[in-house]
Amino acid sequence: GRCKLFAQRITRSNSFQMTMAGIILASTACMAIQVDNENAFVNIYGHRVKVWVIIDALFLLCFIAELSLRLIAEGCVGFFCDPTDWAWNLFDFSVIFFGVVDQVVMR
C-alpha cells in the first residue's frame with residue numbers, strides 16, 4: 001500500500017531520475033580515474049584500504065537502494081515483465097547482482 005505508493009512517487013520523479021543519472025556519470029568517471037590511479041590507499045583504523053574499494057562499495061549501495069525502490073514501486077512481476085522496459089530492468093538487476101557478488105566474493 002503506502003510503501004508502494006511512496007516508492008512510485010520517488011522513482012517516477014524527475015529529481016530522482018536526474019540524481020541517478022548523476023550517480024551513474026560519477027561512477028563512470030571514477031572508473032576512468034581508477035584505471036590510472038589503481039593503487040590509491042587510505043588508512044582506516046590502522047588498516048590500509050584501497051580507496052577504490054570504498055568508493056565502489058558506496059556506488060554499489062546507491063545502486064542497490066535505487067533497484068530496491070524500483071522493485072517496491074513496480075513489484076517483481078511489474079519490474080521484470082514490463083512490456084517496454086523488461087530488458088533494461090533485467091540488465092540493471094544483473095549488473096547490480098554481479099556487483100554484489102564481486103564485493104562479497106572477490107574482495
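Numbers here simply count residues along the sequence, with the first being 1.
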**OP:** Kindly indicate, with the supporting measurements, whether the criterion side-chain contact (heavy atoms from CB on, under 4.5 Å) is fulfilled by D82 and W88.
**Re:** CA-CA 10 Å; D82 182 275; W88 279 114; over 6 Å; no

**OP:** Under the side-chain contact (heavy atoms from CB on, under 4.5 Å) rule, what do I54 and I44 come out as? Steps first, then yes or no, please.
**Re:** CA-CA 11 Å; I54 297 166; I44 299 176; 3.2 Å; yes

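L58 and W52 fall within a single hydrophobic cluster, where Ile, Leu, Val, Met, Phe, Trp and Tyr are joined by side-chain heavy atoms under 4.5 Å apart, directly or via other members. Under a hydrophobic clustering in which Ile, Leu, Val, Met, Phe, Trp and Tyr are joined whenever their side-chain heavy atoms come within less than 4.5 Å, directly or via other members, V100 and M20 fall into the same cluster. Side-chain heavy atoms closer than 4.5 Å link hydrophobic residues (I, L, V, M, F, W, Y) into clusters, and following such links, possibly through other members, connects L90 to F79. Linking ILVMFWY side-chain heavy atoms closer than 4.5 Å, directly or via other members, places F63 and F91 in two distinct hydrophobic clusters.
Here I72 contributes atom CD1 and I10 contributes atom CD1; the two are 9.0 Å apart, rounded to the nearest 0.5 Å. Considering CZ of F93 and CZ of F98, their distance stands at 9.5 Å, rounded to 0.5 Å. In this structure, N89 CG and L67 CG are separated by 8.5 Å, a value rounded to the nearest 0.5 Å. Here the CG atom belonging to D56 is positioned 5.0 Å from the CD atom belonging to Q34, to the nearest 0.5 angstrom. Once rounded to the nearest 0.5 Å, the distance linking OG1 of T11 with CD of Q17 reads 7.5 Å. Between L69 atom CG and R12 atom CZ the span is 12.5 Å, to the nearest 0.5 Å.
Under the ring pair (Phe, Tyr, Trp, His ring centres under 6.0 Å) criterion, F41 pairs with no residue, sequence neighbours left out. Applying the ring pair (Phe, Tyr, Trp, His ring centres under 6.0 Å) test to F16 and every residue at least two apart in sequence or in another chain returns nothing. Taking D92 as the reference, R70 meet the salt bridge (Lys or Arg N to Asp or Glu O under 4.0 Å) condition, with sequence neighbours excluded. By the ring pair (Phe, Tyr, Trp, His ring centres under 6.0 Å) test, F97 pairs with no residue at all, sequence neighbours left out. For L5, the side chain to side chain contact (heavy atoms under 4.5 Å, CB included) partners two or more places apart in sequence, or in a different chain, are Q8.
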Donor-acceptor list for residues 22-32 side chains, cut-off 3.5 Å, not counting sequence neighbours:
residue	atom	partner	partner atom	Å
T28	OG1	I24	O	2.9

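Listed for the N37 side chain is no donor-acceptor partner under 3.5 Å among the backbone atoms of A40.
Looking at heavy atoms from C-beta onward, F80 lies out of side-chain contact with E74 at the 4.5 angstrom threshold. The shortest distance between side-chain heavy atoms of Q103 and L60 falls below 4.5 Å.
Residues T19 and S15 approach most closely at OG1-O, 2.7 Å, considering heavy atoms.
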